[in-house]
Amino acid sequence: YLTDRSGHVVIRLMPTLSPVESKKEALLDVASALFYSQGFHVTGIKQIIETAGIAKGTFYSHFKSKDAIGVAWLRKRHHQWNGMLEDFLSQQKSTPRAQLLGYFDFLTTWMESCNNRGCAFLNALSEIPDASDPMREEVRQHKAELHARFRHLVDVHFVGRSSSERAHLAAITFISFEGAIVETQNFGEPWPIAAARRQLKSIL
């Protein structure tokens with residue numbers, strides 16, 4: 001990032017990649033698009049290789065297995081999704097209340113933009129039953145960070161409440177957010193997000 005004197009981001013700088021790194025990123029981009037659009041299990045290495053237009057050896061020079069590129073996909077998705085969220089929230093008022101409601105406004109915009117395909121992490125979770133799988137750990141870390149974001153805003157907004165009350169409010173806000181994603185994906189309509197936002201607004 002490049003910032004001005006007040007610390008505001010004015011330009012997002014992209015790192016310069018070597019040719020090898022660029023090929024790896026291009027391969028990961030192809031795999032990410034396929035995993036997200038059609039699912040992790042249904043996407044095979046052969047399809048990734050053919051879609052990317054690379055040799056089989058090139059794939060394995062970068063990723064030892066499909067699981068390895070699956071983990072890389074979720075890590076990249078984590079940064080991409082958080083970047084979209086932060087860009088959206090930076091345009092909202094900076095008060096904790098406005099930021100909390102802004103999460104649900106972002107959800108409406110984002111779900112529409114992805115045609116209600118939903119959360120890559122929740123989609124992956126539904127496909128991977130083994131809780132010890134490395135991809136499940138990526139899901140847990142992503143969601144734990146999101147929960148922590150809610151907890152911080154709730155702590156600031158409800159500064160006069162007890163720690164246990166604030167923990168409860170952060171938990172139900174996080175669960176409402178996650179549930180709104182799932183049911184908007186399920187019904188293909190935005191009303192679950194609107195309902196969750198109204199509920200949050202009533203307690204703020």
Side-chain angles (χ1 to χ4, degrees), residues 1 12-88 103 106-147 149 174-175 177-190 192-193:
Y1 293 98
R12 178 174 287 176
L13 300 176
M14 298 301 293
T16 301
L17 300 178
S18 69
V20 173
E21 290 173 327
S22 295
K23 288 182 179 178
K24 182 178 181 180
E25 283 299 307
L27 176 58
L28 181 55
D29 286 342
V30 169
S32 298
L34 291 172
F35 290 153
Y36 185 64
S37 64
Q38 65 187 28
F40 179 73
H41 283 319
V42 76
T43 303
I45 291 177
K46 182 180 179 181
Q47 184 185 12
I48 295 171
I49 289 171
E50 290 178 349
T51 305
I54 61 169
K56 185 176 181 180
T58 302
F59 177 92
Y60 285 105
S61 69
H62 294 299
F63 301 100
K64 294 181 179 180
S65 65
K66 181 181 167 184
D67 288 346
I69 198 171
V71 169
W73 160 52
L74 291 179
R75 288 177 179 171
K76 183 171 185 175
R77 182 68 178 179
H78 171 78
H79 293 294
Q80 289 177 328
W81 191 86
N82 281 341
M84 290 187 291
L85 173 64
E86 288 162 7
D87 286 345
F88 184 91
Y103 272 76
F106 166 75
L107 201 53
T108 300
T109 301
W110 168 57
M111 288 295 284
E112 181 179 356
S113 72
C114 70
N115 197 29
N116 296 320
R117 178 61 181 137
C119 175
F121 296 87
L122 293 178
N123 293 343
L125 177 65
S126 70
E127 292 194 71
I128 302 170
D130 183 2
S132 65
D133 189 290
M135 288 181 65
R136 286 284 296 270
E137 179 58 26
E138 295 300 320
V139 174
R140 279 190 291 271
Q141 289 183 12
H142 174 77
K143 295 303 181 181
E145 182 176 313
L146 180 60
H147 180 232
R149 287 168 176 262
F174 170 71
I175 292 169
F177 187 85
E178 294 295 292
I181 295 174
V182 173
E183 294 308 328
T184 298
Q185 182 178 8
N186 182 32
F187 289 101
E189 298 176 359
I193 302 172

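- Although no hydrogens or angles enter the test, the distance criterion places no donor-acceptor pair under 3.5 Å between the side chain of His147 and the main chain of Phe174.
- Side-chain contact between Ile193 and Phe177 is absent, with no heavy-atom pair separated by less than 4.5 Å.
- In terms of heavy atoms, Trp110 sits closest to Gly118 at CZ2-O, 3.4 Å.
- Figure legend: cation-pi geometry between Lys66 and Phe40, with NZ or CZ positioned under 6.0 Å from the six-membered ring centre and within 45° of its axis.
- Taking every heavy atom of both residues into account, Trp73 and Leu28 meet most closely at N-CD1, 3.7 Å.
- Residues forming a side chain to side chain donor-acceptor pair (under 3.5 Å) with Lys143 (at least two apart in sequence, or on another chain): Glu178.
- When side chains are defined from C-beta on, His142 does not count as touching His79, because their heavy atoms never get closer than 4.5 Å.
- Figure legend: cation-pi geometry between Arg77 and Tyr36, with NZ or CZ positioned under 6.0 Å from the six-membered ring centre and within 45° of its axis.
- In this structure the side chain of Ile69 reaches within 4.5 angstrom of the side chain of Phe35, judged on heavy atoms.
- Of the possible polar contacts, one joining the Ser126 side chain to the Asn123 backbone as a donor-acceptor pair under 3.5 Å is found.
- Contact between Met111 and Gln185 at its shortest, heavy atoms only, is CE-N, 3.7 Å.
- Within the cation-pi definition used here (under 6.0 Å to the ring centroid, within 45° of the axis), Lys24 does not qualify as a partner of Phe59.
- Salt bridge annotation for Arg149-Glu86: present, with a cationic side-chain nitrogen under 4.0 angstrom from a carboxylate oxygen.
- Aromatic ring centres of Phe106 and Trp81: separated by under 6.0 Å.
- With no hydrogens or angles considered, no side-chain donor-acceptor pair links Asp67 and Ser65 at under 3.5 Å.
- The backbone N or O of Arg117 sits nowhere less than 3.5 Å from a side-chain atom of Asn115 that would complete a donor-acceptor pair.
- Residues satisfying the side-chain contact (heavy atoms from CB on, under 4.5 Å) test with Val71, not counting sequence neighbours, are Arg75, Pro134, Met135, Glu138.
- No side-chain heavy atom of Lys23 sits less than 4.5 Å from a side-chain heavy atom of Leu27.
- For the pair Glu127 and Val42, the minimum side-chain heavy-atom distance is 4.5 Å or more.
- Side-chain contact check for Glu145 and Gln141: no donor-acceptor pair (N or O, by modelled atom type) lies under 3.5 Å.
- Summarising the geometry, atom NE2 belonging to His78 is positioned 9.5 Å from atom CG belonging to Leu146; distances are rounded to the nearest 0.5 Å.
- Side-chain atoms of Thr58 do not come within 3.5 Å of backbone N or O of Ile54 as any donor-acceptor pair.
- Judged purely by atom type and a 3.5 angstrom limit, Arg136 has no side-chain atom pairing as donor or acceptor with the backbone of Leu125.
- Here the closest heavy-atom approach between residue Phe121 and residue Leu74 is recorded as CZ-O, 3.2 Å.
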